[in-house]
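I'd like to ask you about the structure that follows.
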Amino acid sequence: MTLAIEGIGLSKIYNSREKMPGISGLWRRKKIAAVADVTIRLEQGKTLAVVGESGSGKSTLGRLLAMMETPDSGSLRFEGRQASELSRAERLALRRRIQMIFQDPYESLDPRLSIRDSVEEPLLALRIDAKEREERVFAALADVELSPPERYLSLRPHQLSGGQRQRVAIARAIVLRPTILIADEPTSMLDVSLRIGILRLLERIRARTGIAILLITHDLALANYASDRVMVMYGGRVVEEGETRVLLKDPKHSYTKLLVASAPRLEPGRQRQRLTRPRPELIMDTT
Ligand SMILES: Nc1ncnc2c1ncn2[C@@H]1O[C@H](COP(=O)(O)OP(=O)(O)O)[C@@H](O)[C@H]1O
Ligand SMILES: [Mg+2]
């Protein structure tokens, strides 16, 4: 088993403010452990899903792995090398090999740029001549099944459908030929009918290129459909982890059981239960 990336004991604390109860206009400082002591191993060529409710720390974990933020503690290893020991140049090169896509493709697409310029832009920092850049832009658009690419080159993001926009965001991410793709709720803003198309596309890209995918989603059905392994997060911690089919079929941890029970499409015919916040003692139990 070759690891594409390994995070050991990662933690990230944010300072935030909260309203003082009962006293209007007064705030107090509060520290939030968005990610607390998370160890995560992403194998080359595999899809690992990170699931959990909103606020459980999934996006923060994604940003830590993408080196968009530095952890307060813990370490990152990339293909066996400690990220903190890399030189500045090596770090830069490494960051290019870890790409992210987001729920909202507008986050990675500049509305003023044409599709061609959007997809080409990441290449401008590299020493690649114009001809090769053009070839790579065409190839990336073909890879995300926007064809023929010529039809899309001069369009702007607002002229595309949501699904097409997400495809352009994926093209922009893969044009650098990354080895890791972190997809943070990549289909949440799309119509249900388009979601499977994007997931299948990611799957085909993975099969062809051997890229490792971290699929962040609050949707268990999606994780079930598209991942090899799954990690369940709650309150910044990992509560359970394992092979997707096994874990979702037979969850051991009470929080995972609640999540599975509240996901209607996993078990057709079963009544959907409301996801209520589990009591702390449920979260503390071990698996
Ligand atoms: N930049 C930030 N500043 C302060 N708090 C943050 C920041 N980013 C995330 N948080 C907090 O950290 C926790 C985890 O957030 P997040 O990683 O976005 O969870 P998820 O992606 O699972 O919804 C939440 O309580 C959130 O409010
Ligand atoms: Mg999130």
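Residue numbers start at 1 and run along the sequence shown. In listed order, ligands and their atoms are each counted from 1.
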Residue and atom name of the nearest protein heavy atom (relative to atom 12 (O) of ligand 1), distance in Å to one decimal: A34 CB, 3.2 Å

Protein contact for atom 27 (O) of ligand 1 (heavy atom, distance under 4.0 Å):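 No, because not a single protein heavy atom sits under 4.0 Å from atom 27 (O) of ligand 1.
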
Ion pair R97/E79, N-O distance below 4.0 Å: yes

Closest approach of any protein heavy atom to atom 20 (P) of ligand 1, naming residue and atom: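 Going by distance alone, atom 20 (P) of ligand 1 is nearest to G55 N, 3.4 Å.
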
With a 4.5 Å cut-off on side-chain heavy atoms, are I196 and Y225 touching? yes

Considering non-hydrogen atoms of the protein only, which is the closest contact for atom 1 (N) of ligand 1, and what is the distance? Y14 CE2, 3.7 Å

Quick one: look up the protein heavy atom nearest atom 18 (O) of ligand 1 and list residue, atom name and how far away it is. S59 CB, 3.8 Å

Should E53 be listed as contacting ligand 1, given a heavy-atom distance under 4.0 Å as the test?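 In this structure, E53 qualifies as a contact of ligand 1 - some heavy atom is under 4.0 Å.
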
In this structure, CG of D72 is separated from OG of S11 (nearest 0.5 Å) by 7.5 Å

Check each atom of ligand 1 against the heavy atoms of S56 and keep those under 4.0 Å away; list them by number with element.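 So the atoms of ligand 1 that pass are 19 (O), 20 (P), 22 (O).
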
Over 12 foreign heavy atoms within 6.0 Å of CZ, R88: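 No, not enclosed.
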
Are D143 and R208 within salt-bridge range, i.e. N to O under 4.0 Å? yes

Should the proximity of H218 to ligand 1, defined as any heavy atom under 4.0 Å, be assigned to the side chain, the backbone, both, or neither? neither

If you scan protein heavy atoms around atom 25 (O) of ligand 1, the nearest is I32 CG2, 3.9 Å

R63 heavy atom under 4.0 Å from ligand 1: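 Flag set, R63 near ligand 1.
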
Can you measure from CG (L10) to OG (S75) and round to the nearest 0.5 angstrom?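 Answer for the CG-OG pair, L10 versus S75, is 7.0 Å.
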
Any ion pair linking E6 and R41 (charged N to carboxylate O, less than 4.0 Å)?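 Yes.
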
Identify the closest protein heavy atom to atom 19 (O) of ligand 1: which residue and atom is it, and at what distance? G57 N, 3.1 Å

Looking only at the side chains, is there a donor atom on one of E53 and Y255 sitting less than 3.5 Å from an acceptor on the other? yes

Atom CD of residue position E243 - does it have more than 12 heavy atoms of other residues, nucleotides or ligands inside 6.0 Å? no

Taking atom 16 (P) of ligand 1 as the reference point, the nearest protein heavy atom with its distance: T60 OG1, 3.7 Å

Looking only at protein heavy atoms, which one is nearest to atom 22 (O) of ligand 1, and how far off is it? K58 NZ, 2.8 Å

Tell me whether the Mg ion (ligand 2) has S54 as a neighbour, meaning an N, O or S atom of it below 2.8 Å.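 Checking S54: none of its N, O or S atoms is under 2.8 Å.
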
